[in-house]
Every structure is written in structure tokens, then in C-alpha cells.
Amino acid sequence: MDPKPNKISATEASAALESVASFQRKTNEIIRPPIWLTGVIGITYGMITFSHAMMKHENEWGVGLIISMIVFCLALGFYFYTSKLLGIKPRVLPRGKAETLLDLSAGLFFIITIFASRHLVSSGMEWAAYAGAMLNGVGLAWLLHKYSAGVAEHG
Amino acid sequence: MANAQFDNLIHGQNRLQICATLVTIREVEFQVLKESLQVSDSVLSKHLKSLVDADYVKLVKRADMGRQRTWLSLTSSGRSAYQGHLQALRQIVGGELA
């Protein structure tokens with residue numbers, strides 16, 4: 001690290017920060033899964049939520065839950081494998097406060113939606129299974145598309 | 001939040017972009033980074049050597065799927081230096097440093 005004081009102007013600093021922002025947007029575009037794979041991951045996650053909400057002893061939604069989980073894991077595995085083939089290894093764990101906060105908030109949202117859907121369906125409100133599936137499926141797909149490279153650290 | 005510390009080594013255009021890319025990924029291959037930066041092998045190697053010598057970037061060569069590949073990642077000291085540099089840039093833009 002060079003301890004010499006900086007000699008750049010505010011304009012140059014601003015240009016540097018814009019360059020960083022631009023590169024992080026570009027990296028996000030490289031890292032994120034293709035749209036079709038994002039769709040598969042979102043749909044299967046929605047199906048996990050739906051199957052969990054609708055599952056009862058006398059129906060087959062338990063099987064639906066297992067199948068959805070398998071397909072979800074396969075889709076994620078495919079994403080990581082193809083990324084590695086292309087020369088990129090995405091991060092899994094968050095770094096920094098902003099990313100940790102985003103991941104924790106998202107995790108909490110998904111968990112609440114999964115359990116709230118099931119509770120409401122048990123109370124006779126079947127629409128809650130569809131609503132929960134939509135929220136979780138679309139939410140995860142949106143996060144994957146927008147934040148594959150994490151939360152930007154530029155100014 | 002990192003302490004603001006302007007870093008002349010990181011500030012060079014390509015090196016700043018290298019750090020901006022590496023901070024978001026666990027590892028990236030040399031060829032992918034080269035295509036992203038749109039520079040030649042020699043230019044990228046030169047910048048990486050400076051960053052590796054400063055222990056900001058880690059360079060690992062290993063055989064993956066039948067061919068030799070060069071993987072790059074940002075070290076923890078590189079990440080701290082990069083975040084400190086960004087903080088210094090924000091302060092300059094904000095007018096706190098002359």
C-alpha cells in the first residue's frame with residue numbers, strides 16, 4: 001500500500017467510481033444465470049413453497065415437494081458447474097454488511113412466506129399457497145438476476 | 001466500513017477494474033478477466049504481477065477439466081486495500097480531502 005497522499009481531483013475520483021460501478025454491473029451480467037435458468041430456479045422454488053403449503057397426509061404434494069427440491073438443487077448445481085466451465089466461480093457466502101443484510105432479509109422473507117402459506121392453507125385459505133409460491137419464486141428469480149454479483153460497493 | 005486510504009497501486013485504471021471484478025467473485029480465470037478488460041495477455045500479466053507482489057491478488061495455476069487454467073482471486077488484504085481506496089475516492093468526491 002502506498003502511503004503517498006492522493007493528487008487527484010474530485011472529477012477524476014468521480015470518474016474512477018463510475019468506472020468501478022460500470023465494471024460491477026458488467027460483472028453481474030457475466031455471473032448471473034441465463035434467463036431460462038433463472039426461470040427454472042424461480043419456478044422450482046415457487047413449487048417448493050406451494051407443495052409445502054398444500055402437503056397433507058392424504059395428498060401427493062409431499063412427492064411434489066421432493067421432486068421440486070431435487071430439480072431446484074439440480075438447477076443450482078448446473079449453474080455452478082457451467083459457471084466453472086466458463087471460467088468464473090461465483091461467491092456463495094455474503095461479504096460485507098450490505099450483502100449480509102440483504103441475504104439475511106431475503107432468507108427471513110422466504111422462511112416467513114413458506115410457513116405463513118402453510119399456516120393459512122391449514123386455516124382454509126388455499127389462495128395463500130399460490131400467493132406464497134409467486135412471492136418466493138419471483139423474489140428469488142429477481143435476486144438472482146439483479147444481485148448475482150452481490151451488492152455493489154461503489155460510491 | 002473500511003478506513004479511507006488512497007492506494008496508488010490500485011488506482012491505475014486497469015488495476016482498479018481488476019479489483020472491482022475480483023471483489024464480486026470467488027475466482028475468475030485469466031482469459032475471462034482479459035476479455036472483460038479488453039487488454040492483451042502481456043498488459044494483464046503486468047498489472048497482475050504488481051497486484052500479486054503487493055499480496056492483493058492470489059494467482060493459482062491448476063489443471064481443471066483436463067487443461068491448465070490460471071485462477072485469480074482477491075486476497076483479504078487486497079479487499080481491505082480496495083475498499084479503503086473506494087472510501088478515499090468517495091471522500092475526495094465529497095470534498096473532504098484536498
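What you see is a predicted model; the values in this text were computed from it and never measured. Letters A, B, ... mirror the listed sequences (proteins, then strands); counts begin at 1.
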*Should the pair Lys84(A) and Tyr81(A) be classed as cation-pi, given the thresholds of under 6.0 Å to the six-membered ring centre and 45° from the axis?*
no

*Which one of Pro90(A), Ser19(A), Ser148(A) has the most heavy-atom pairs closer than 4.5 Å to chain B?*
Pro90(A)

_Proximal component of Ile88(A), with respect to chain B [non-hydrogen, under 4.5 Å]_ = both

*Counting heavy atoms not belonging to Glu126(A), are there more than 12 under 6.0 Å from its CD?*
no

*Relative to chain B, which segment of Leu86(A) carries a heavy atom at a distance below 4.5 Å: side chain, backbone, both, or neither?*
backbone

*Engaged part of Leu37(B) at the chain A interface, taking heavy atoms whose separation is under 4.5 Å*: both

*Just one of Tyr45(A), Phe115(A), Trp61(A) clears the ring pair (Phe, Tyr, Trp, His ring centres under 6.0 Å) bar with His52(A), so which one?*
Phe115(A)

*asked:* With chain A as the partner, which of His85(B), Glu27(B), His11(B) has the greatest number of non-hydrogen pairs under 4.5 Å?
replied: Glu27(B)

*Do Lys89(A)'s NZ or CZ and the ring of Trp71(B) fall within the cation-pi criteria of under 6.0 Å and 45°?*
yes

_Quick one, Val60(B) and Thr70(B) - any side-chain contact, counting heavy atoms below 4.5 Å?_
no

